[in-house]
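None of the values given here were measured: they were computed from a predicted structure. Naming: A, B, ... by sequence-line order, numbering from 1 per chain.
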Amino acid sequence: MRPPLAAPASLCVRPLPALGIRRNLSRIRLNLPGIPLTLPGIRLNLRGIRLNLPRVIAVFVLLAATATTTTAAAATTKPRASLLEVESQLMCPSCHEPLEAVSSPQALYEKAYVKTLIARGDTDQQILNNLVSQYGVVVLAKPPASGFNLLIYILPPLVPVAGVAFLLLTLPKWRERSRAAAAAARMQPVPALSEADSKRIDDDLSRLI
Amino acid sequence: MRRFTLPLVLICAALALLALLAFGLVSQGTDSSIDALVARGDYPPVPNYPMALPLLGSTRTESLRDLRGKVVLVNVFASWCVPCAQEAPVLEQAQRMLAARDGTVLGVTYLDNSSDDEAFMREYHLSYPVLRDVSGDFARGLGTTGVPESFVINRSGRIEALRRYQLNSEWVQQTLPRILTAPS
């Protein structure tokens with residue numbers, strides 16, 4: 001019968017002598033409760049399961065390689081580009097409108113051209129690259145982030161940030177100023193009522209009460 | 001001094017945005033200066049004269065400068081443009097006239113793809129060379145706002161006549177012989 005674990009292995013980080021770690025030049029031996037480990041002396045004995053470290057590493061490497069290959073294969077066997085998806089990323093350069101929104105003669109020719117590229121099996125990116133080589137970068141709905149075009153990427157987030165910064169800078173000053181004005185107003189002596197006004201108020205109150 | 005810093009920054013930012021807007025408007029605007037100069041008889045040189053553009057159906061590039069000394073009828077067109085198709089036979093007729101007298105028609109495609117251009121050339125049996133203006137810079141230099149537009153370049157490399165819409169054989173017959181016979 002397997003000896004019961006005194007504690008989970010993850011909790012067994014104790015000072016070296018207590019853990020019973022024996023170390024020599026080539027190996028470290030971990031005597032975890034019920035789990036003898038030998039690192040990197042190649043052999044692990046986990047609760048009766050003997051593991052060969054190079055083999056474990058080899059298996060990991062193999063799994064990683066398989067995952068990479070599978071990802072690459074998935075990328076290459078990407079489903080065919082969809083017309084709607086590609087169109088949404090393109091412009092009609094002659095009318096400066098999104099391609100999907102117009103039916104001008106140029107847009108119709110451009111759409112037909114995109115369809116031929118899709119039928120050929122090109123991916124989204126290949127189609128976009130092809131369109132740029134034919135029509136120039138004006139064909140892209142989202143222009144490349146370089147040169148003057150950078151402004152359209154920088155300005156939209158910059159404006160709210162600048163607005164918030166402006167408010168953070170000015171609001172405390174405004175509040176300080178308005179508080180000072182209110183305090184100054186409170187400090188002003190209240191002008192005394194004239195005899196006539198005082199009498200009129202008394203009369204009005206006596207009528208009401 | 002500190003109390004003026006923030007207003008100054010705000011004014012500068014507002015001015016920068018206004019300058020950007022002005023730049024955008026100016027760069028989008030149409031340039032009619034070539035038309036005015038040609039109308040006055042003060043023939044302007046071709047903008048982007050040395051600009052090399054890819055030759056349709058070839059890996060070579062060619063520029064107008066390569067055709068210096070010839071009379072060149074530059075026709076900015078696109079395969080999807082109906083008036084371009086209508087004027088195509090007139091252009092082929094002009095090509096025959098020019099080719100016989102040391103000149104040529106030079107098509108410049110604009111906002112178009114090469115496979116459609118090639119199909120267009122085949123469909124209308126056009127024999128003149130065609131350059132592909134992918135960036136549109138060459139056409140913009142000529143003040144082009146649409147297609148078709150045609151420009152006659154004399155032997156000195158200057159624009160002597162232009163037409164901002166579909167051309168016809170009357171215009172070709174009136175314009176080309178005069179420029180072909182003019183001393184260079």
**Study point:** A:Y135 OH to B:S114 OG distance, which is reported to the nearest 0.5 Å
**Key:** 9.0 Å

**Study point:** Proximity breakdown for A:L131 and chain B, heavy-atom pairs closer than 4.5 Å
**Key:** neither

Point to revise | Shortest non-hydrogen separation from A:Q134 to B:N113 and the atoms involved | key: OE1-CA, 3.2 Å

Practice item. Let me know if A:L151 has heavy atoms under 4.5 Å from chain B in its side chain, its backbone, both or neither. Key: side chain

Point to revise | Interchain contact, A:S104 with chain B, by part (heavy-atom threshold 4.5 Å) | key: neither

Point to revise | Residues, nucleotides or ligands: over 12 heavy atoms within 6.0 Å of B:Y165 OH | key: no

Revision key, fill the gap. Counting heavy-atom pairs under 4.5 angstrom with chain B, the leader among A:A162, A:A112, A:P105 is A:P105

Review point. Would one find more than 12 heavy atoms of other residues, nucleotides or ligands at under 6.0 Å from atom CZ of B:R65?
Key: no

Point to revise | Side chain, backbone, both or neither of B:S79 within contact of chain A (heavy atoms, under 4.5 Å) | key: both

Point to revise | Closest contact, heavy atoms only, A:F166 versus B:L10 | key: CE1-CD1, 3.6 Å

Exercise for review: Check each atom of A:V132 against the heavy atoms of chain B and say whether the ones under 4.5 Å are side chain, backbone, both or neither.
Suggested key: backbone

Exercise for review: Take A:S94 and B:W80, measure what side chain to side chain contact (heavy atoms under 4.5 Å, CB included) needs, and give me the verdict at the end.
Suggested key: CA-CA 11 Å; A:S94 67; B:W80 45 264; 4.0 Å; yes

